[in-house]
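Below is one structure, written out as structure tokens; comments come after it.
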Amino acid sequence: GNDGTLEQSDMDIAKVVARLALKSVEPEEDGNAENLGSSTGQFAHVATATRLLARAEREATSDAIVPILDAVAAFHQNQNEIVLAIRCYEEKVDLLLNSEDSCNDTVIASTLIQIG
């Protein structure tokens, strides 16, 4: 809804994206290693969320994707998958910078603060 909570369908998409991101990490890596291999760099949170939205017959606008990315990053943080969380936030910033939909300097700034 508009109160900052995700619809259940979006929460389900976020959970799948987070799971797939972790699966993309090499088995000996845990999503938090400082030197994660290139395998993690190739996982695209935005592209995966876009595919899942399309599968649900929903338009993959930045307004639809950004809240999902926030939830994915939160899942990663809760699981101590810090590098994956940072990569997810970085993708969110790229999406917002390249978006015609909701280019919001405040959202970009707060995301950069979350990255640290």
Side-chain angles (χ1 to χ4, degrees):
N2 290 338
D3 59 355
T5 60
L6 273 185
E7 301 289 335
Q8 186 59 49
S9 59
D10 287 350
M11 187 61 74
D12 292 342
I13 288 172
K15 287 177 184 173
V16 171
V17 173
R19 263 199 313 268
L20 291 172
L22 187 59
K23 278 188 179 179
S24 75
V25 178
E26 293 297 328
E28 65 273 9
E29 298 171 332
D30 63 2
N32 192 32
E34 288 300 315
N35 57 346
L36 276 177
S38 60
S39 61
T40 313
Q42 293 168 10
F43 182 80
H45 292 88
V46 171
T48 305
T50 299
R51 271 198 317 278
L52 292 169
L53 282 166
R55 194 176 296 165
E57 299 182 358
R58 300 212 5 247
E59 199 176 344
T61 62
S62 61
D63 288 337
I65 295 170
V66 164
I68 292 171
L69 294 179
D70 285 336
V72 171
F75 289 142
H76 286 321
Q77 284 178 292
N78 291 339
Q79 296 301 311
N80 207 29
E81 299 156 3
I82 304 306
V83 172
L84 288 172
I86 290 170
R87 295 216 173 134
C88 187
Y89 284 133
E90 288 171 344
E91 285 190 57
K92 176 184 166 186
V93 169
D94 288 343
L95 178 69
L96 289 168
L97 286 172
N98 295 308
S99 168
E100 306 266 330
D101 288 349
S102 59
C103 191
N104 184 329
D105 292 343
T106 307
V107 175
I108 293 171
S110 67
T111 303
L112 291 171
I113 289 168
Q114 285 173 298
I115 292 173

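- The CD1 atom of Ile108 sits 12.0 Å away from atom CD1 of Ile113, with the distance rounded to the nearest 0.5 Å.
- Applying the salt bridge (Lys or Arg N to Asp or Glu O under 4.0 Å) rule to pairs touching residues 69-79 yields Asp70-Lys92, sequence neighbours excluded.
- Residues that satisfy the side-chain contact (heavy atoms from CB on, under 4.5 Å) test with Ala14, not counting sequence neighbours, are Ile68, Ala71, Val72, Phe75.
- Between Leu53 and Thr50, every side-chain heavy-atom pair lies at or beyond the 4.5 Å cut-off.
- More than 12 heavy atoms of other shown residues, nucleotides or ligands fall within 6.0 angstrom of atom CD in Gln8.
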Point to revise | Evaluation steps, side-chain contact (heavy atoms from CB on, under 4.5 Å), between Gln79 and Leu84 | key: CA-CA 10 Å; Gln79 296 301 311; Leu84 288 172; over 6 Å; no
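- Remark: Arg51 engages no residue in a salt bridge (charged side-chain N to carboxylate O under 4.0 Å, His left out) (not counting sequence neighbours).
- Considering all non-hydrogen atoms of both residues, Ala60 and Ile65 come closest at O-CD1, 3.6 Å.
- Under the side chain to side chain contact (heavy atoms under 4.5 Å, CB included) rule, Val17 has a single partner from Asp12, Thr48, Val46, Leu22, which is Thr48.
- Note that CG of Asn80 is 4.5 Å distant from CD1 of Ile82, once rounded to the nearest 0.5 Å.
- When all heavy atoms of Ser62 and Pro67 are compared, the closest pair comes out as O-CD, 4.4 Å.
- In this structure the side chain of Tyr89 never reaches within 4.5 angstrom of the side chain of His76, judged on heavy atoms.
- Atom CG of Leu69 and atom OG1 of Thr111 lie 9.5 Å apart (nearest 0.5 Å).
- Between Ser9 and Arg58 the shortest heavy-atom distance is OG-NH1, 3.8 Å.
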